[in-house]
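Only one structure is covered here, and it is reproduced in the block below.
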2 protein chains.
Amino acid sequence: MTKAEEYVEQRVASAMSAVSFVGVVETPEELLADRAYVLIRDLLITLEIAPGSVINEEVLGRTFGMGRTPIREALKRLVLEKLVVVYPRRGTFAADVQIQDLALTLDVRIPLEGLAAVRATRFAEVADIEAMDSLLKGISADEDKKVLLDIDAQFHRFLYQCARNPYLESTLSQYLNLSMRILHLVLDRVPNLPIHLAEQKEILEAIRERDAEKAEATAKQHLVTFENEMNAVLFSRD
Amino acid sequence: MTKAEEYVEQRVASAMSAVSFVGVVETPEELLADRAYVLIRDLLITLEIAPGSVINEEVLGRTFGMGRTPIREALKRLVLEKLVVVYPRRGTFAADVQIQDLALTLDVRIPLEGLAAVRATRFAEVADIEAMDSLLKGISADEDKKVLLDIDAQFHRFLYQCARNPYLESTLSQYLNLSMRILHLVLDRVPNLPIHLAEQKEILEAIRERDAEKAEATAKQHLVTFENEMNAVLFSRD
DNA sequence: CGAAGCAATCTGGTATCGATCTTTTGTCGG
DNA sequence: CCGACAAAAGATCGATACCAGATTGCTTCG
């Protein structure tokens, strides 16, 4: 076993234990390919599999206790989401993170999140809004960064669901994954996540008031803020 | 072999012969899975595989002269694009076309096509614009509907490429596929495709003049026109 | 006529073979 | 002795064939 393999296996093992309580051990009811997808995706997003590193199908399969087929299906899916790159008959790699990709993905995300916010003002149910509201209110700004990040992702997924458009939801989810990966990349250098929390409360308020224009504007602004912060961090070091 | 299988096989065989001149027979350089993806996708878009009909992996594999694995990978990809539905351990089916899906997909497409048009005004090269222009000019409005449809798709793909954003391009391509499928559904009832040709010329003109605002507006309007036409046809029969 | 059981069928997953690319090693020439 | 080219070994994904699990539909028996 090479050093790269050992590294991956070690990282994967820790991730497995972290999610082991989610799925029941003795019931392989869910599809192995789906399980593999979630596991590998999270390893990529959290950078536990570093960008550019080698991904070996057999090693992953052995680590997860499954064959190569579910792994392959998961990887093919991740290729479409641009988190993984496969060079035929050569190897599979975690996709590199290009700083220009931040701007490219946000170009797409910004109008779509705006659309999602507009639709949410029409379709979000009061109960959902209140649930999200209490979640946001229950979080103080001095939480752990990982927690704040998780809340951030939850809020966006909530927004996508409230838009009641499965196409929009799945497209935006993919882009959120890409953004989360970039965020993890500079996680220790990003200064203030609390501001995101405030902006999210503002978006939620606009949805509650059924103010489509305000919801769209604040949702877009939320991403612009994010982009500016990222650029400040990314280009200050460069 | 069931009747459904015979039907699919027959349809597939005709499609194979239709594209056989494209790929060289003796050189399996390209990946079989990619070839299978394109073949099956086009069969779905052109409705040669009817919505709701059964898709049998083995039958497709035999028809294409390959095993089940490439077919499986292609189908998994098509599931993500929502052209195919798989019920685990039960069967695979061509996704149904819901009339509401037209509005849902266009909701997403409209802002993104606008974005693509805006970006195209910045990044499109003169040579590309001229090539597209001569293609559009060379087509008269009384061409065969299938030809006009193909031109329409080519124009959109051209727009996506000129936007110089691979994320945007791949996302929009998926939505274009879905739209093309709906278009094929009502192909014999849709009245005037020539108007699309005129609108496309207008979009191209805006790009040539580097008028971002006009390009965005006309690109969006192009889709609104499409939506109105579709709705007129779809709901008039209902 | 209804329910239980069996057979057929299809996808999910594994193991294996094969093709291709990379790397290493060995040889030859300078 | 060193460098370059060539051949062979290693590694990885691509594809196939086979087996297993699950669901469906039919058949048969009460």
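Labels below follow one simple rule: chain letters A, B, ... track the order of the sequence lines, proteins then strands, and each chain is numbered from 1.
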Q) Which distance, rounded to the nearest 0.5 Å, do you find between the CG of B:Leu102 and the CG of B:Asn231? A) 5.5 Å
**Q.** Straight-line distance of B:Glu227 CD to B:Ser179 OG, nearest 0.5 Å
**A.** 9.5 Å
Using whole Å, report how far [atom1] of [X] lies from [atom2] of [N].
{"X": "A:Asp34", "N": "C:dG13", "atom1": "CG", "atom2": "C1'", "answer": "13 Å"}
{"X": "A:Glu57", "N": "C:dT16", "atom1": "CD", "atom2": "P", "answer": "17 Å"}
{"X": "A:Arg68", "N": "D:dA11", "atom1": "CZ", "atom2": "P", "answer": "15 Å"}
{"X": "A:Leu32", "N": "C:dG12", "atom1": "CG", "atom2": "P", "answer": "12 Å"}
{"X": "B:Tyr87", "N": "D:dT24", "atom1": "OH", "atom2": "P", "answer": "11 Å"}
{"X": "A:Asn56", "N": "D:dA11", "atom1": "CG", "atom2": "P", "answer": "11 Å"}
{"X": "B:Glu30", "N": "D:dA15", "atom1": "CD", "atom2": "C1'", "answer": "15 Å"}
{"X": "A:Leu31", "N": "D:dG21", "atom1": "CG", "atom2": "C1'", "answer": "11 Å"}

(Q) So, applying side chain to side chain contact (heavy atoms under 4.5 Å, CB included) with A:Met180, which one of A:Asp42, A:Leu44, A:Asp150, A:Leu149 is it? (A) A:Leu149
Q) Which one, D:dA15, C:dC10, D:dG14, comes nearest to the side chain of A:Arg89? A) D:dG14
Q: Verify the distance criterion only: is there a donor paired with an acceptor across the side chains of A:Asn165 and A:Tyr160 at less than 3.5 Å?
A: no
Q) Is B:Thr92 near enough to C:dC10 that one of its side-chain N or O atoms lies under 4.0 angstrom from OP1 or OP2? A) no
Q.
Check this for me: does the side-chain of A:Arg90 come within 3.5 Å of the base of D:dG14 through a donor and an acceptor?
A. no
Q. Taking only residues two or more places apart in sequence, or in another chain, which ones meet B:Glu81 in a side chain to side chain contact (heavy atoms under 4.5 Å, CB included)?
A. B:Tyr37, B:Arg77, B:Leu78, B:Leu83, B:Gln174, B:Asn177
Q: Check side chain to side chain contact (heavy atoms under 4.5 Å, CB included) between B:Val186 and all other residues, then give those that pass, not counting sequence neighbours.
A: B:Arg189, B:Met230, B:Val233, B:Leu234
Q. Is it true that A:Asp107 and B:Arg119 have a side-chain N and a carboxylate O under 4.0 angstrom from each other?
A. yes
**Q.** Proximity to DNA chain C (any heavy atom under 4.0 Å), residues of residues 72-80 of chain B only
**A.** B:Arg72, B:Lys76
Q: Report which part of the nucleic acid B:Glu58 touches: base, sugar-phosphate, or nothing (heavy-atom distance under 4.0 Å, all strands).
A: nothing
